[in-house]
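We count residues from 1, following the sequence as given.
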Amino acid sequence: MSTPNSKHDESIASWKANAAYWDNGIQEGNKYWTRLQRPALERMIPLQPQTEPRVLELATGNGLVARWLVDRGASVLATDISTEMLELAKRREMPQHQGKISYRELDVTSPEALAALADEHVTGDGFDVILMNMAMMDVSTIEPLAAALPKLLKKDGIFVATLLHPVFFTCSPRRNIQIVDGGPDGYPEIIRTKVIEKYLDVPPYYGVALYGQPAQQVYFHRPMHELFSTFFKTGLVMDAIEEPAFTSADATPERLESTSNFTQLPSILAFRMRRMVA
């Protein structure tokens with residue numbers, strides 16, 4: 001039987017193996033980025049370019065979000081546990097990004113690594129923004145990160161995260177598609193639902209983000225009360241939450257099972273938290 005630590009190691013190994021394939025598939029953004037993630041982040045991260053806010057990005061991947069943040073006036077410390085990903089991120093930099101993004105290998109499950117980051121990079125009052133885009137479900141434990149955030153954030157700083165929706169994705173729901181003849185317009189009506197059989201206790205499991213990737217990755221499911229309470233316990237408060245879903249404009253007619261066709265069920269969860277200021 002695999003131990004939690006072995007699942008952590010497997011998760012790291014999969015992202016190292018998948019780095020080049022992921023970079024080629026995502027490049028400068030896919031539908032999830034343009035239609036769900038970026039709009040939510042634009043609403044949750046009110047950057048003021050004239051002040052050049054300091055941003056810590058966790059799990060940067062190929063640096064897509066770091067470059068977007070720089071384009072909005074920020075300076076970014078982009079971190080990832082995969083050195084392969086960090087190298088790919090560096091290669092994608094354009095001239096306007098150079099000097100605005102620094103890179104660091106970081107394991108967000110390591111209290112020691114997070115403490116070292118605080119000691120080396122937080123001067124005075126910390127980061128304006130800490131961001132983790134679409135990676136929390138890939139992390140074996142979030143307790144060390146939650147404990148470190150109050151030390152890394154400035155007093156009015158924010159932590160923003162997006163992840164696959166715990167209710168409609170990471171609990172392994174079954175997608176059901178019914179085709180009913182004689183719909184309102186005379187054509188067959190397609191009815192899409194998801195069946196959720198388990199939610200509170202779902203062990204880590206294997207899956208893929210991009211079909212054809214070299215290695216399966218490990219998903220770590222957390223019900224929402226567990227997810228949020230981990231951060232609440234360390235003194236953070238939540239002041240924004242969204243459940244973005246695809247719309248009919250995003251439909252993929254040639255793939256009936258595509259998640260972009262499930263327009264009534266959110267695909268991701270986005271939330272923002274702040275330090276409690278005494």
Side-chain angles (χ1 to χ4, degrees), residues 4 7-19 21-23 25-27 29-30 32-33 36-38 40-41 44-45 55-69 76-89 92 101 103-110 113-114 117 127 129-149 152 158-166 169-170 204-210 213 215-222 224 226-228 230-231 241-242 244 266-273:
K7 286 284 190 265
H8 172 70
D9 294 340
E10 289 178 45
S11 179
I12 297 172
S14 71
W15 281 108
K16 289 178 176 290
N18 292 329
Y21 191 90
W22 175 266
D23 176 57
I26 298 299
Q27 299 189 32
N30 60 3
Y32 272 81
W33 167 248
L36 302 181
Q37 299 161 33
R38 186 176 66 192
L41 295 179
M44 291 195 174
I45 306 177
V55 180
L56 168 63
E57 190 197 1
L58 308 171
T60 190
N62 75 350
L64 166 66
V65 183
R67 294 187 293 276
W68 171 76
L69 288 163
V76 183
L77 171 58
T79 69
D80 203 287
I81 199 168
S82 166
T83 55
E84 291 81 359
M85 283 289 193
L86 293 175
E87 287 302 316
L88 291 166
R92 284 195 171 272
I101 307 175
Y103 300 90
R104 180 188 179 100
E105 182 182 358
L106 179 68
D107 180 353
V108 297
T109 71
S110 167
L114 291 164
L117 174 63
F127 289 96
V129 179
I130 298 178
L131 172 62
M132 191 175 204
N133 185 61
M134 298 304 290
M136 202 166 289
M137 64 280 178
D138 301 310
V139 177
S140 59
T141 178
I142 59 174
E143 280 78 4
L145 172 61
L149 285 174
L152 292 165
I158 59 173
F159 170 60
V160 177
T162 64
L163 65 154
L164 289 175
H165 202 290
F169 260 86
T170 60
Y205 65 94
Y206 299 95
V208 297
L210 298 176
Q213 64 187 52
Q216 288 187 321
Q217 64 205 67
V218 185
Y219 286 106
F220 299 90
H221 169 78
R222 297 173 183 91
M224 285 198 284
E226 179 184 321
L227 171 68
F228 296 140
T230 302
F231 297 102
I241 185 170
E242 295 186 12
S267 294
I268 72 171
L269 178 69
F271 64 91
R272 181 176 66 203
M273 292 192 171

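Interatomic distance, Q37 CD to N133 CG, rounded to the nearest 0.5 Å: 4.5 Å. Summarising the geometry, atom NZ belonging to K16 is positioned 4.0 Å from atom CD belonging to E84; distances are rounded to the nearest 0.5 Å. Expressed to the nearest 0.5 Å, how far CD1 of I158 lies from CG of L131 amounts to 8.5 Å. Between the CE atom of M137 and the CZ atom of F220 there is a distance of 11.5 Å, given to the nearest 0.5 Å. In this structure, CG in L145 is found 11.5 Å from OG in S110, a value given to the nearest 0.5 Å. Atoms OG and CG, from S82 and N62 in turn, are 11.0 Å apart once rounded to the nearest 0.5 Å.
A heavy-atom distance below 4.5 Å is not found between the side chains of D23 and Q27. The shortest side-chain heavy-atom distance between I26 and W33 does not fall under the 4.5 Å cut-off. Side-chain contact between R38 and W68 is present, with at least one heavy-atom pair separated by less than 4.5 Å. At least one side-chain heavy atom of I101 sits under 4.5 Å from a side-chain heavy atom of R67. Between L86 and T60 there is a side-chain heavy-atom pair separated by less than 4.5 Å. Under the 4.5 Å side-chain criterion, counting only non-hydrogen atoms from C-beta, W22 is in contact with L210. With a 4.5 Å cut-off on side-chain heavy atoms, L56 and V76 do not count as touching. At a threshold of 4.5 Å between non-hydrogen side-chain atoms, the residues L269 and T162 do not count as touching.
Counting only distance, with no hydrogens or angles, the side chain of S11 and the backbone of D138 share a donor-acceptor pair below 3.5 Å. No donor-acceptor pair under 3.5 Å is formed between the side chain of R222 and the backbone N or O of L227.
A centroid separation of less than 6.0 Å is found between the aromatic rings of F231 and F159.
Side-chain polar atoms of K7 and Y205 form no donor-acceptor pair below 3.5 angstrom.
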*Derivation and outcome, side-chain contact (heavy atoms from CB on, under 4.5 Å), residues V218 and H8*: CA-CA 8 Å; V218 185; H8 172 70; over 6 Å; no
_Worked verdict on Y103 versus E87 for side chain to side chain donor-acceptor pair (under 3.5 Å)_ = CA-CA 9 Å; Y103 300 90; E87 287 302 316; over 6 Å; no
_Verdict with supporting geometry, Y219 and F169, side-chain contact (heavy atoms from CB on, under 4.5 Å)_ = CA-CA 10 Å; Y219 286 106; F169 260 86; over 6 Å; no
*Are M85 and W15 close enough, and set up right, to give a side-chain contact (heavy atoms from CB on, under 4.5 Å), and what steps lead you there?*
CA-CA 8 Å; M85 283 289 193; W15 281 108; 3.6 Å; yes
_M273/F228 under side-chain contact (heavy atoms from CB on, under 4.5 Å): CA gap, chis, key distance, verdict_ = CA-CA 10 Å; M273 292 192 171; F228 296 140; 3.9 Å; yes
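Contact between P166 and H221 at its shortest, heavy atoms only, is O-CE1, 3.1 Å. A89 and G63 get closest at one heavy-atom pair: CB-N, 3.6 Å. Here the closest heavy-atom approach between residue V65 and residue E57 is recorded as CB-OE2, 3.3 Å. In terms of heavy atoms, F127 sits closest to V55 at CD2-C, 3.8 Å. Closest of all the heavy-atom pairs between T79 and L58 is OG1-CA, 3.4 Å. Across all non-hydrogen atoms, the minimal contact from Y32 to S267 is CE2-CB, 4.1 Å.
For the side chain to side chain donor-acceptor pair (under 3.5 Å) test, no residue two or more places apart in sequence or in another chain qualifies with E105. With sequence neighbours excluded, the residues that form a side-chain contact (heavy atoms from CB on, under 4.5 Å) with T230 are I142, E143, A146. Applying the side-chain contact (heavy atoms from CB on, under 4.5 Å) criterion to A215, with sequence neighbours excluded, gives S14, A17, N18.
In summary, R104 and D80 do not engage in a salt bridge, as defined by a charged side-chain N under 4.0 Å from a carboxylate O.
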